[in-house]
Enquirer: 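I have a structure I would like to understand better, so I am pasting it below and will then ask my questions one at a time.
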Amino acid sequence: MKIEDCRIIDLPKISDPTKGNLTFIEANKHIPFEIKRVYYLYDVPGGGDRGEHAHKDLSQFIIAMSGSFDILLDDGHHKKKFHMNRAYYGLYLCPMIWRELDNFSSGSVCLVLASDFYKESDYIRDYDEFTKEIKKKVSH
Ligand code: TYD
């Protein structure tokens, strides 16, 4: 559950000069989890921020299906920023990572594949609570 466990994963891309590109994702093959839920962010207004939370158990894979945005990750010790702007790669996020998404370009679409159904109890929405949880895990 460190920032090094989060990584960009390149996806297969079938290119055809007359038909365009096709990319696919298979659970447990291209991404390291079973997909139980898919959601997407779109029509994010200029200056809009999303995320600003961590998940206790959820794994996610985030793709810029269209346009671009930034993802800032924070494991309580280190921070890392990713610029997402292609549909043929995504960012894998393991549990217990604080994330902030911003700098959405106009018309951008952010697709998220998730390892579980929506559960509010899996969220940590307060940054101080997040750092406390990280410290607890380190001391165990
Ligand atoms: P949230 O995950 O907080 O969005 P973001 O971090 O991108 O700002 O979700 C926003 C709202 O949508 C919140 O009330 C919970 C609800 N929601 C669902 O009902 N199901 C879902 O799968 C997701 C992702 C959110």
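Atoms within each ligand, like the ligands themselves, are counted from 1 in listed order. Being a predicted model, the structure only gives us computed values, none of them experimental.
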Enquirer: What pairs meet the ring-ring contact (aromatic ring centres under 6.0 Å, His included) rule with one or both residues in residues 25-61, with sequence neighbours excluded?
Expert: Phe24-His30, Tyr40-Tyr42, His53-His55, His53-Tyr123, His55-Tyr123
Enquirer: With no hydrogens and no angle check, is any side-chain donor or acceptor of Ser115 less than 3.5 Å from a backbone partner on Glu34?
Expert: no
Enquirer: Just jot down the side-chain contact (heavy atoms from CB on, under 4.5 Å) partners of Ser121, sequence neighbours excluded, or say none.
Expert: Lys119
Enquirer: Could you name each residue pair satisfying salt bridge (charged side-chain N to carboxylate O under 4.0 Å, His left out) that touches residues 15-26, not counting sequence neighbours?
Expert: Glu26-Lys29
Enquirer: Does a side-chain heavy-atom distance below 4.5 Å link Val38 with Val112?
Expert: no
Enquirer: Asp75 side chain to Ile3 main-chain N or O, any donor-acceptor pair under 3.5 Å?
Expert: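 Confirmed, Asp75 side chain pairs with Ile3 backbone.
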Enquirer: Near ligand 1, which residues have a heavy atom under 4.0 Å away from one of its atoms?
Expert: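 Within 4.0 Å of ligand 1, protein side: Arg37, Tyr39, Leu41, Arg50, Gly51, His53, Tyr118, Tyr123, Arg125.
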